[in-house]
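Presented below is the structure to which this report refers.
Start at 1 with the first residue, then count along the sequence.
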Amino acid sequence: MCSIIGYCGKPLDMAAFQKGFSRTISRGPDDSRILDVGQGILGFHRLSIMGLHPEGMQPFTLNSSAVVCNGEIYGFEKFRTQLRGKYTFNSDSDCEILLPMYFEYGVKMFAMLDAEYACILYDGEKKQFIAARDPIGIRPLYYGYDEAGTIVFASEPKNLMGLVKEILPFPPGHYYADGKFVCYNDIAAVDSYSHDDLDTVCRNIHDKLVAGVQKRLVADAKVGFLLSGGLDSSLVCAIAARESEKPIKTYAIGMSGDAIDLKYAKQVADFIGSDHTEVIISKEIVLQALENVIELLGTFDITTIRASIGMYLVCKYIHENTDIRVLLTGEISDELFGYKYTDFAPSGEAFQAEAQKRIRELHMYDVLRADRCISVNSLEARVPFGDLDFVKYVMSIDPELKLNRYNKGKYLLRHAFEEGGYLPHDILWREKAAFSDAVGHSMVDYLKEYAESCYTQEEFELKRQKYTHAQPFTKESLLYREIFEKYYPGQGQMIADFWMPNKEWEGCNVNDPSARVLSNYGDSGK
């Protein structure tokens with residue numbers, strides 16, 4: 001990961017600007033630079049992944065223009081080859097192509113990128129700032145306006161605290177130019193459904209996911225893998241193991257007493273021949289990490305916080321004990337193929353609408369979790385299930401095929417990898433365990449018990465009334481909201497609401513986001 005900031009005018013308080021930018025130096029500990037472009041300021045903290053030499057340091061400049069980008073641009077070599085006759089490239093960095101592309105194509109360039117990125121560009125000729133974010137929002141970007149009405153962009157909310165009044169997430173799939181946000185790619189939208197037969201659909205799922213993993217293995221820095229033992233991360237690791245000449249390095253985490261997935265992660269690791277490490281955590285470690293996790297996340301969402309604790313701690317271990325810089329993860333599969341609660345979807349149309357909602361909101365929940373837990377430990381996240389071609393195709397599959405009519409969730413994904421010996425049969429077809437529960441049922445139980453001890457029922461009822469947006473509804477949610485407000489006072493609008501099953505569906509009107517409370521959880525937690 002890297003960290004970027006763009007003050008699109010003269011800062012009212014330069015010391016506050018520098019202090020805000022310094023809060024995310026862990027995203028890019030290798031080098032830092034602030035560039036005054038005359039009309040404003042661009043800043044960059046570097047984590048060297050592609051183009052490790054000093055020439056790859058940003059901001060990149062060309063004539064009177066400049067750009068900073070936190071991202072990976074896949075297939076950038078073809079653009080560089082096309083543009084080389086007209087422009088000189090001084091590094092192996094993928095992001096160096098952005099200014100030449102902008103000069104050639106203008107804002108149309110953003111729709112041309114196969115990338116997970118956030119960038120801020122200064123057009124020196126027009127003396128204006130432009131910003132953009134990838135269609136899923138895998139790379140973070142936020143914005144707000146200072147007291148003079150000047151817009152400020154930054155990688156994380158903590159960069160903007162004290163600079164702007166209200167902090168908002170930059171909408172994924174949009175660019176900002178001429179004072180307006182313009183959608184260039186609503187990846188959740190479907191113009192027409194594909195009516196391929198089941199075998200064709202599954203073959204395409206297989207081929208596109210394999211391609212998504214392959215392109216994310218390209219890095220000048222060392223790559224590792226988070227392996228929970230669940231279907232999604234196991235598939236990513238299994239594909240990567242086939243593409244790698246040496247054994248890949250995999251990491252799993254769990255509670256000392258009841259981690260559901262550790263044994264399955266070990267089974268997968270043995271099967272694919274990875275160099276596997278287990279990280280064991282305790283109640284004390286979990287509770288000690290809680291406030292720090294909420295601060296680094298910048299959210300009060302229950303699901304995100306629960307699932308982040310294990311992820312943060314395993315990434316902390318990787319940062320402190322290895323030289324790995326890039327991590328591949330299994331996020332975004334659930335939103336595409338279904339959760340336990342989407343088994344209750346009353347129709348294909350309802351399933352599709354829920355998937356579209358989740359994909360459009362991902363940047364506030366699971367994607368936010370992966371970004372913050374990994375980047376705060378000076379690592380970079382790559383998400384094969386978020387590959388643009390893969391997402392676009394899966395969203396276009398006839399939703400009737402994606403309904404759980406097979407007595408097995410995510411049937412299409414499982415069937416797509418049934419042949420070829422990627423995973424043991426009982427891993428490929430095992431029921432999904434909720435992320436935080438897979439770390440260990442006890443972790444969530446400890447968090448709930450701690451929250452219960454913080455408030456009487458009367459205190460809970462009184463304190464939760466302070467919040468009109470996303471009002472806390474359990475003592476656990478109130479605890480998280482109060483810690484959030486300690487670090488981000490009055491900024492609750494950054495998160496749309498709590499991630500919860502669709503309460504309008506029969507069987508989903510529950511008061512806890514864990515799949516463990518659903519009637520169909522069954523053998524998932526075993």
- request: Measure the CG-CD1 distance between L235 and I272 for me, rounded to the nearest 0.5 Å.
  value: 10.5 Å

- request: Mark yes or no: K402 above the aromatic ring of F351, with NZ or CZ under 6.0 Å from the six-membered ring centre and no more than 45 degrees from the axis.
  value: no

task: Report the C-alpha separation of E380 and R139 in whole Å, then their side-chain angles, then the decisive distance to 0.1 Å, and conclude whether the salt bridge (charged side-chain N to carboxylate O under 4.0 Å, His left out) test is met.
output: CA-CA 10 Å; E380 173 174 294; R139 296 303 168 93; 3.6 Å; yes

- request: May I ask you to decide whether R369 forms a salt bridge with D366, counting only side-chain N to carboxylate O separations under 4.0 Å?
  value: yes

- prompt: Is there side-chain contact between H45 and S155, with at least one heavy-atom pair below 4.5 Å?
  reply: no

query: With the threshold set at 4.0 Å, does a side-chain nitrogen-carboxylate oxygen contact exist between K466 and E485?
result: no

- request: Quick one: list whatever passes side chain to side chain donor-acceptor pair (under 3.5 Å) with Q465, sequence neighbours left out.
  value: none

field: Residues K486, E482; criterion salt bridge (charged side-chain N to carboxylate O under 4.0 Å, His left out); working and verdict
entry: CA-CA 6 Å; K486 177 180 175 180; E482 291 198 323; over 6 Å; no

statement: Nearest heavy-atom contact between A118 and P140 is CB-O, 3.5 Å

- prompt: Are the aromatic ring centres of Y406 and W429 under 6.0 angstrom apart?
  reply: no

- prompt: Looking only at heavy atoms, what is the nearest atom pair of R133 and F170, with distance?
  reply: NH1-O, 2.7 Å

- line: Here the pair of heavy atoms bringing V367 nearest to G137 is CG1-O, 3.2 Å

field: Pairing residues for R27 by the salt bridge (charged side-chain N to carboxylate O under 4.0 Å, His left out) criterion, not counting sequence neighbours
entry: E156, D371

task: With sequence neighbours left out, write down each residue that passes side-chain contact (heavy atoms from CB on, under 4.5 Å) with C69, or none if nothing qualifies.
output: Q58, C95, L98, Y117, C119

Report all side-chain donor-acceptor pairs from residues 443-451 shorter than 3.5 Å, counting only partners two or more places apart or in another chain.
unit_1, atom_1, unit_2, atom_2, d
K448, NZ, D512, OD2, 3.0

Acceptor/donor pairs from residues 500-507 side chains to any protein atom, 3.5 angstrom cut, sequence neighbours excluded:
unit_1, atom_1, unit_2, atom_2, d
N502, OD1, E504, N, 3.0
N502, ND2, E354, OE1, 3.0
K503, NZ, V510, O, 2.4

message: Do L428 and L231 make a side-chain contact, defined as non-hydrogen atoms from C-beta onward lying under 4.5 Å apart?
response: yes

query: Quick check, are the ring centers of H174 and F110 under 6.0 angstrom apart?
result: no

message: Once salt bridge (charged side-chain N to carboxylate O under 4.0 Å, His left out) is applied, do any residues pair with E461, and if so which ones, sequence neighbours excluded?
response: R464

